[in-house]
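Since the structure comes first, as structure tokens, the remarks are kept for the end.
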Amino acid sequence: MKLLTHNMLTSKCLKGVLVGYPLKIEVQDLRICEVNCNLDFLIRVIPRIDYPVLYTAMETLGYANDLPSEKPEDYQTNEEFLKKLHHALFEIEIINGNLLCPETGRKFPINDGIPNMLLNEDET
Amino acid sequence: MPNRPEHLGPPELFYNDVEAVKYTNNSRIIDIQMRMSERAFELLLLPKDKVCLLLDIGCGSGLSGSVLENKGHYWLGIDISSAMLNIGVHRKIIGDTMLVDMGQGMPFKTASFDGAISISALQWLCNIDNNKYVLRKRLDIFFSTLFATLSRSARAVFQFYPENDDQINIITTAATRAGFFGGIMIDFPNSKSAKKVFLVIMTSTSMISPEYSRKDHVITKTLTTRKRTNKTMITKLRKNRILEKKERNRRKGKFVKTDSKYSGRKRKNQF
Ligand SMILES: C[S@@+](CC[C@H](N)C(=O)[O-])C[C@H]1O[C@@H](n2cnc3c(N)ncnc32)[C@H](O)[C@@H]1O
């Protein structure tokens with residue numbers, strides 16, 4: 001699971017959960033894999049990214065130094081920043097670990113890179 | 001689909017490791033899925049010059065998603081079968097996939113996606129224990145959370161295998177209840193083997209009237225919007241408004257005629 005996905009995921013489908021965002025991360029295995037950078041797309045998704053959530057996720061994974069804590073004002077043209085952002089969103093993959101609902105603590109396991117968001121019947 | 005696999009059991013059991021491999025390596029299946037995905041993509045009417053973030057619902061092993069990828073877009077996929085998703089991971093698809101039961105809702109924050117496709121998955125949602133109440137609830141949860149997770153001028157295109165007209169009705173009504181506009185579109189309606197049914201829905205009306213580029217299709221049914229104003233309701237609204245106004249004037253001490261059952265009614269035409 002890439003951090004772009006983490007930035008979109010919520011646990012609001014759980015009964016009684018209002019926002020369910022952001023999900024906390026517990027990591028067991030990480031992998032870095034190079035992905036071609038698509039600048040157009042990157043710039044287009046920035047407004048949809050919750051930047052503080054992305055930064056906190058990087059911190060949790062131990063990569064706080066690889067991303068500025070705040071989004072620069074010239075983010076659309078700042079190449080150095082865009083490179084770092086691309087790396088953070090697309091190149092770091094959580095292979096095994098857990099996602100945790102911020103309101104209930106419910107664990108969603110990540111196995112082989114695939115988060116399991118299935119709910120039990122009594123949770124919907 | 002001669003014998004409907006949805007009748008054989010729940011999808012997460014039907015698409016087990018064996019079936020998932022068979023499915024993904026069958027060249028006939030690959031060919032059909034790709035062609036339907038291409039068509040669904042066409043019907044999404046995405047802006048030509050923009051790379052989009054798309055959702056593939058019931059993405060399976062990623063055949064449909066790979067079409068989105070080939071068109072230069074980025075996608076996330078959800079599916080209820082871990083066997084299908086595992087094959088996808090090993091085929092190195094770009095998008096991330098997640099185990100999600102669409103009947104439990106879309107686990108994404110609002111306005112995340114520019115569009116969604118779903119190829120040969122929606123009919124599965126209609127086959128749970130034949131319990132009408134559960135079915136309606138799951139469809140409602142699915143469509144309302146999908147609506148929320150799409151951007152404000154997005155489309156979702158579903159190719160599916162409806163079992164009968166009743167099922168089409170149940171699905172389109174649920175989509176309408178969730179706020180979607182759009183309808184059912186059928187390619188090659190007169191051919192038994194080539195006929196393909198699509199549900200094309202959108203989050204805003206401004207995008208209705210697409211230029212469907214093919215000759216061999218019919219649009220059978222357009223979703224009607226929910227707010228139908230009926231006559232008695234209009235009369236009631238008008239009456240309430242008048243009664244309120246009279247009440248206000250009465251409080252101000254003005255002379256007001258007494259209320260009666262005729263208040264707010266239209267006068268009969270005299271001529
Ligand atoms: C015929 S396959 C199509 C897969 C892929 N879209 C393709 O074109 O190759 C149908 C898929 O729908 C999935 N599915 C069925 N019910 C589902 C549900 N409730 N939620 C999510 N996925 C579901 C199945 O697991 C299966 O992978």
Side-chain angles (χ1 to χ4, degrees), chain A residues 1-15 17 19-23 31 33-50 53 86 89-96 99 101 106 108-124, chain B residues 10-12 47 49-55 59 62 69 72-90 92-114 128-129 134 137-138 140-142 144-146 148-149 151:
Chain A
M1 186 196 71
K2 301 175 203 296
L3 292 188
L4 172 76
T5 307
H6 170 258
N7 210 276
M8 304 281 157
L9 268 181
T10 75
S11 57
K12 68 180 167 201
C13 296
L14 277 172
K15 187 156 73 184
V17 167
V19 187
Y21 186 83
L23 299 174
R31 189 172 61 199
C33 40
E34 250 180 65
V35 175
N36 286 341
C37 179
N38 185 326
L39 257 189
D40 286 345
F41 180 55
L42 188 60
I43 294 172
R44 267 205 83 210
V45 292
I46 293 177
R48 262 176 270 183
I49 299 295
D50 187 319
V53 168
H86 168 75
L89 287 174
F90 297 102
E91 298 193 319
I92 301 173
E93 291 211 26
I94 302 172
I95 305 299
N96 292 302
L99 296 170
C101 169
R106 158 74 144 94
F108 299 96
I110 306 172
N111 297 312
D112 238 351
I114 302 175
N116 179 347
M117 307 303 290
L118 295 176
L119 309 177
N120 301 325
E121 240 166 69
D122 58 352
E123 290 176 315
T124 63
Chain B
E12 64 276 28
D49 49 342
K50 280 187 190 146
V51 184
C52 295
L53 179 58
L54 303 173
L55 177 64
C59 63
E69 224 165 279
H73 297 282
Y74 190 87
W75 62 283
L76 299 184
I78 57 158
D79 201 285
I80 201 174
S81 155
S82 56
M84 291 291 262
L85 292 183
N86 282 335
I87 292 187
V89 167
H90 294 114
K92 291 244 159 47
I93 45 179
I94 320 183
D96 266 343
T97 57
M98 281 132 275
L99 264 175
V100 172
D101 172 1
M102 58 175 154
Q104 297 181 335
M106 302 289 102
F108 303 103
K109 66 181 185 190
T110 43
S112 296
F113 298 96
D114 300 303
I128 26 118
D129 314 325
V134 178
K137 188 175 152 212
R138 281 168 58 85
D140 281 348
I141 291 182
F142 169 62
S144 58
T145 54
L146 176 65
T149 201
S151 70

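Below, read A as the first sequence line, B as the second, and so on, with proteins coming before strands; counting in each chain starts at 1.
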Measure distances from R48(A) to the heavy atoms of chain B and classify the residue's part below 4.5 Å as side chain, backbone, both or neither.
both

By a 4.5 Å heavy-atom criterion (distance strictly below it), what part of N86(B) contacts chain A: side chain, backbone, both, or neither?
both

Cut-off 4.5 Å, heavy atoms of chain B, and the answer for L23(A) is neither

Measuring heavy-atom distances to chain A, does L76(B) have an atom under 4.5 Å in its side chain, in its backbone, in both, or in neither?
side chain

Heavy atoms, side chains only, cut-off 4.5 Å: are Y74(B) and N38(A) in contact?
no

Under 4.5 Å from any heavy atom of chain B - which part of I110(A):
neither

Non-hydrogen atoms of chain B under 4.5 Å away: do they reach the side chain of N7(A), the backbone, both or neither?
both

Residues of residues 96-103 of chain B contacting chain A, heavy-atom criterion under 4.5 Å, by residue number:
D96(B), T97(B), M98(B), L99(B), V100(B), D101(B)

Which residues pass the side chain to side chain contact (heavy atoms under 4.5 Å, CB included) test with T10(A), not counting sequence neighbours?
K12(A), Y21(A), K109(B)

Report, one line per pair, each donor and acceptor closer than 3.5 Å where one atom sits in a side chain of residues 116-123 of chain A; sequence neighbours left out.
from	atom 1	to	atom 2	distance (Å)
N116(A)	OD1	L118(A)	N	2.9
E123(A)	OE1	R106(A)	NE	3.4
E123(A)	OE1	R106(A)	NH2	2.8
E123(A)	OE1	N120(A)	N	2.7
E123(A)	OE2	R106(A)	NE	2.7

Hey, what do you get for CZ (F142(B)) to SG (C13(A)), rounding to the nearest 0.5 Å?
11.5 Å

Give the member of T5(A), L14(A), D112(A) that has the highest number of heavy-atom pairs under 4.5 Å with chain B.
T5(A)

Would you mind telling me which of C52(B), A111(B), G105(B) has the largest number of heavy-atom pairs within less than 4.5 Å of chain A?
C52(B)

Please list, chain by chain and in numerical order, all residues satisfying salt bridge (Lys or Arg N to Asp or Glu O under 4.0 Å) with D79(B), sequence neighbours excluded.
none

With a 4.5 angstrom heavy-atom cut-off, is it the side chain or the backbone of F90(A) that approaches chain B, or both, or neither?
side chain

What part of S82(B) gets within 4.5 angstrom of chain A, counting heavy atoms only: side chain, backbone, both, or neither?
neither

